[in-house]
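Encoded as C-alpha cells, the structure appears first; notes follow it.
One-based numbering along the sequence shown.
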Amino acid sequence: MYDEAELVEAKRQLDSTLHKIREVVKTFEAKDEPSRCKSQLTLAKRRLKAFGIANQLIEEKLVEGW
C-alpha cells in the first residue's frame, strides 16, 4: 500500500503538526479567559488525539518492518 519512505514522511509531517497543535492548546489555556475559546480548545484537543492515533499506527507499521 505505502512504502517505508512514504510512511516516514507522513510521520514527520504528523510530528510537526502535533507540535504546532500542542502550542495552540498551550496558548488557549494560557489566555485570561480560556472559556471564551472553549470550542477552539476542544477542537485542538480532539485533533491532538486523532493525529496522535495516526502517528502511533504509522510507528507500529514501521516497527513491524518491511
Side-chain angles (χ1 to χ4, degrees):
M1 183 180 277
Y2 300 104
D3 65 27
E4 184 176 6
E6 290 172 314
L7 291 177
V8 168
E9 178 58 21
K11 183 177 176 344
R12 189 178 76 76
Q13 293 299 323
L14 283 172
D15 287 336
S16 173
T17 301
L18 282 165
H19 172 75
K20 291 174 186 174
I21 296 172
R22 284 185 194 105
E23 293 302 313
V24 166
V25 168
K26 286 180 192 175
T27 300
F28 283 143
E29 290 177 338
K31 291 196 177 278
D32 290 337
E33 294 182 52
S35 60
R36 294 190 73 204
C37 49
K38 184 177 178 183
S39 62
Q40 293 94 333
L41 184 57
T42 299
L43 178 61
K45 287 180 177 181
R46 288 180 180 168
R47 286 180 175 164
L48 268 178
K49 181 75 169 176
F51 283 122
I53 290 169
N55 206 21
Q56 181 179 350
L57 292 171
I58 291 172
E59 286 177 19
E60 289 172 6
K61 184 66 176 175
L62 288 169
V63 169
E64 287 176 8
W66 299 90

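The list of salt bridge (Lys or Arg N to Asp or Glu O under 4.0 Å) pairs with a residue in residues 46-55, not counting sequence neighbours, is empty.
The heavy-atom pair separating P34 from F28 by the smallest distance is CB-O, 3.6 Å.
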Using residues 11-26 as the side-chain source, report each donor-acceptor pair under 3.5 Å to any protein atom, sequence neighbours left out, with the distance given to one decimal.
from, atom 1, to, atom 2, distance (Å)
K11, NZ, D15, OD1, 3.4
K11, NZ, D15, OD2, 3.0
K11, NZ, E59, OE2, 3.3
R12, NE, E9, OE1, 3.0
R12, NH2, E9, OE2, 2.9
Q13, NE2, E9, OE2, 2.8
D15, OD1, N55, ND2, 2.7
T17, OG1, Q13, O, 3.0
E23, OE2, K26, NZ, 3.3

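Put simply, OH on Y2 and CG on L62 are 13.5 Å apart, with the number rounded to the nearest 0.5 Å. Rounding to the nearest 0.5 Å gives a distance of 10.0 Å between CG of L48 and CG of L43.
The hydrophobic cluster containing M1 does not contain L57, counting ILVMFWY residues as joined when their side-chain heavy atoms lie under 4.5 angstrom apart, directly or transitively.
Residues forming a side-chain hydrogen bond (donor to acceptor under 3.5 Å, both in side chains) with K45 (at least two apart in sequence, or on another chain): E29.
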